[in-house]
Engineer: 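Below: one structure in structure tokens.
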Protein chains: 2
Amino acid sequence: MGITERRLRQKEEIRSNILATAWKLVLEEGWQSLSIRKIADAIEYSVPVIYDHFENKEAILLEFGKQGFELLAKKLQQASRKSKDPAEQLKAIADAYWNFAFQHKEYYQLMFGLGIACCEADKCIAEKSAFRDIVMSPIIAITKSENDPRNVNVCLKYHTFWSVMHGLISIKLMNTSVEPDLNKMVLDDAIEGFIKNLRQ
Amino acid sequence: MGITERRLRQKEEIRSNILATAWKLVLEEGWQSLSIRKIADAIEYSVPVIYDHFENKEAILLEFGKQGFELLAKKLQQASRKSKDPAEQLKAIADAYWNFAFQHKEYYQLMFGLGIACCEADKCIAEKSAFRDIVMSPIIAITKSENDPRNVNVCLKYHTFWSVMHGLISIKLMNTSVEPDLNKMVLDDAIEGFIKNLRQ
DNA sequence: CTATATTTGCTAACGGTGTTAGGAAAAATG
DNA sequence: CATTTTTCCTAACACCGTTAGCAAATATAG
């Protein structure tokens, strides 16, 4: 009797319909303007139906957050495989990170908090530590320090790398227009400096 | 006849009462929870009175945003006067920027967009360009390039500096807890590297 | 095939948000 | 004292996230 299965399938379909519709709305009007009511309207169901599939609005955002972290990890993974030279790896990773941020602006905004309270603290630990490892590996190789990821210095360098990336991107994303648009030069410059610094 | 003057004074008093109350509410419960109704409640006036003094909520936020930029500029100015050596100046500026972000977390959040849509683009140009000049000056001195702030390379370095600062701070502020808390070491490390890089 | 149980999806509400129209009361002006 | 101006409030509009409760549709058991 595939009845319960069909029901599960139908229920699952509504769920992914919610997600797909929400995503479309976000692309069209941004995170700030996404609302449960608009989603309900678009999928042609009443509002409470949404709550049969997600505990609350934040749960929907969290879903996208995880998607984003997975996609980012994949992109960084691919980038790091482009070369055997750790410095080249790191450059490729930086590149991929940069591209991700602007090609998937909505994901990036959600993941790194330009306007939404989601994906903080413990919510996405698994997803975050995945891409942490990817970035860590070439840094360790370049510094040639002991191969221990818990090495304080390596941790520090990783943190610095990530911060630099995030700073460059988020300042570009908020587009303050005080200084001219320096596009990717800034990134290349900063990463170049970072790698030099890694080698002492 | 000082009647109109008294009226102006009283009106002005309500205005600053609104601002003071709003600021207290922000300190207590954060930007997200600030609402016109709460302000009205706290100053013991009805809601529309707020709109006699501010066009809308964003205008109130903008007021604080400008205050923030002015305070930051002052702090950076003071810091840069601590030494004649440009490298030391830059370190002091970085330090002051860092301290500002954590001592006046609310200002920083408002100014650099961790959660509020304000202070973008053209709104705070004057205030922003003030602290731009302060940071630019030691960078120019260190690179010893032509004394032209419109020099592309200097612009790029300034942008990098600012991005690094912002990245370090905002990642610390959102406290993702994947990596251990590396406090100010990360800042010192990054700035050290940045200055080295400036000198070629 | 009918009766019961379950699932589904709705209406309507609660309490919150920013914002504004319109009118009553108070104050200043002639 | 009458008139005009200013001050300030009530009440509403249109949103928001969230939930209680109920009606209709569906599946299950006898």
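FYI, side chains are in, hydrogens and waters are out, and symmetry mates aren't considered; it's all heavy atoms of this structure. Nothing here was measured: the structure is a model prediction, and the numbers come from that model. Residue numbers begin at 1 in each chain, while the letters A, B, ... track the order of the sequences.
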Engineer: Expressed in angstrom and rounded to an integer, what is the separation of Asp52(A) atom CG from dC10(C) atom C1'?
Structural biologist: 11 Å

Engineer: Quick check on DNA chain D: between Ser33(A) and Ser46(B), whose nearest nucleotide comes earlier from the 5' end?
Structural biologist: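 Final value for this comparison: Ser46(B).
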
Engineer: Given atom CG of Asp41(B) and atom P of dC9(D), what is their separation to the nearest angstrom?
Structural biologist: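 Value for this atom pair: 12 Å.
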
Engineer: Under 4.0 Å between a Lys/Arg side-chain N and an Asp/Glu carboxylate O for Glu63(A) and Arg15(A)?
Structural biologist: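 Looking at Arg15(A) together with Glu63(A), the answer is yes, because their closest N to O distance falls below 4.0 Å.
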
Engineer: Write down the distance between NZ (Lys11(A)) and C1' (dT7(C)), rounded to a whole number of angstrom.
Structural biologist: 8 Å

Engineer: Without decimals, in angstroms, what is the distance between Ile60(A) CD1 and dG17(D) P?
Structural biologist: 9 Å

Engineer: Which protein N or O atoms sit under 3.5 Å from an N or O of nucleotides 18-25 of chain D?
Structural biologist:
{"unit_1": "dT18(D)", "atom_1": "OP2", "unit_2": "Tyr51(A)", "atom_2": "OH", "d": "2.8"}
{"unit_1": "dT18(D)", "atom_1": "OP2", "unit_2": "Lys57(A)", "atom_2": "N", "d": "2.9"}
{"unit_1": "dT18(D)", "atom_1": "O5'", "unit_2": "Tyr51(A)", "atom_2": "OH", "d": "3.3"}

Engineer: Determine whether Phe112(A) and Phe69(A) satisfy the following criterion, ring pair (Phe, Tyr, Trp, His ring centres under 6.0 Å), listing intermediate values before the conclusion.
Structural biologist: CA-CA 10 Å; Phe112(A) 299 109; Phe69(A) 277 108; 5.8 Å; yes

Engineer: I'd like to know if the side chain of Ser163(A) pairs up with that of Lys172(B) as donor and acceptor (distance under 3.5 Å, no hydrogens or angles considered).
Structural biologist: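 No - no donor-acceptor pair under 3.5 Å links their side chains.
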
Engineer: Trp31(B) has an atom CH2; how far is it from atom P of dT17(C), in whole Å?
Structural biologist: 16 Å

Engineer: Please tell me which of Leu34(B) and Arg6(B) maps to the more 5' nucleotide of DNA chain C, matching each residue to the nucleotide holding its nearest heavy atom.
Structural biologist: Leu34(B)

Engineer: Do the side chains of Lys157(A) and Asp189(B) get close enough for a salt bridge, i.e. N-O under 4.0 angstrom?
Structural biologist: yes

Engineer: Rounded to whole Å, please give me the gap between CD in Glu44(A) and C1' in dT8(C).
Structural biologist: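 Between C1' of dT8(C) and CD of Glu44(A): 17 Å.
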
Engineer: Quick check on dC16(D): is either OP1 or OP2 less than 4.0 Å from any side-chain nitrogen or oxygen of Ser35(A)?
Structural biologist: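 Looking at the OP1 and OP2 atoms of dC16(D), one of them is under 4.0 Å from a side-chain N or O of Ser35(A).
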
Engineer: Determine whether the aromatic ring centres of Trp23(B) and Tyr107(B) lie less than 6.0 Å apart.
Structural biologist: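 That pair passes the under 6.0 Å test.
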
Engineer: Under 3.5 Å, which donor-acceptor pairs link side chains of residues 78-86 of chain B to any protein atom two or more places apart or in another chain?
Structural biologist:
{"unit_1": "Ser80(B)", "atom_1": "OG", "unit_2": "Gln77(B)", "atom_2": "O", "d": "3.0"}
{"unit_1": "Ser83(B)", "atom_1": "OG", "unit_2": "Asp85(B)", "atom_2": "N", "d": "3.0"}
{"unit_1": "Asp85(B)", "atom_1": "OD2", "unit_2": "Glu88(B)", "atom_2": "N", "d": "3.4"}

Engineer: Could you state the atom-to-atom distance from CD1 of Ile14(B) to P of dC8(D) in whole Å?
Structural biologist: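 Computing the Ile14(B):CD1 to dC8(D):P distance gives 5 Å.
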
Engineer: Do Leu198(B) and Leu90(B) make a side-chain contact, defined as non-hydrogen atoms from C-beta onward lying under 4.5 Å apart?
Structural biologist: yes

Engineer: Output the rounded distance in Å from CD (Gln10(A)) to P (dT26(D)).
Structural biologist: 10 Å

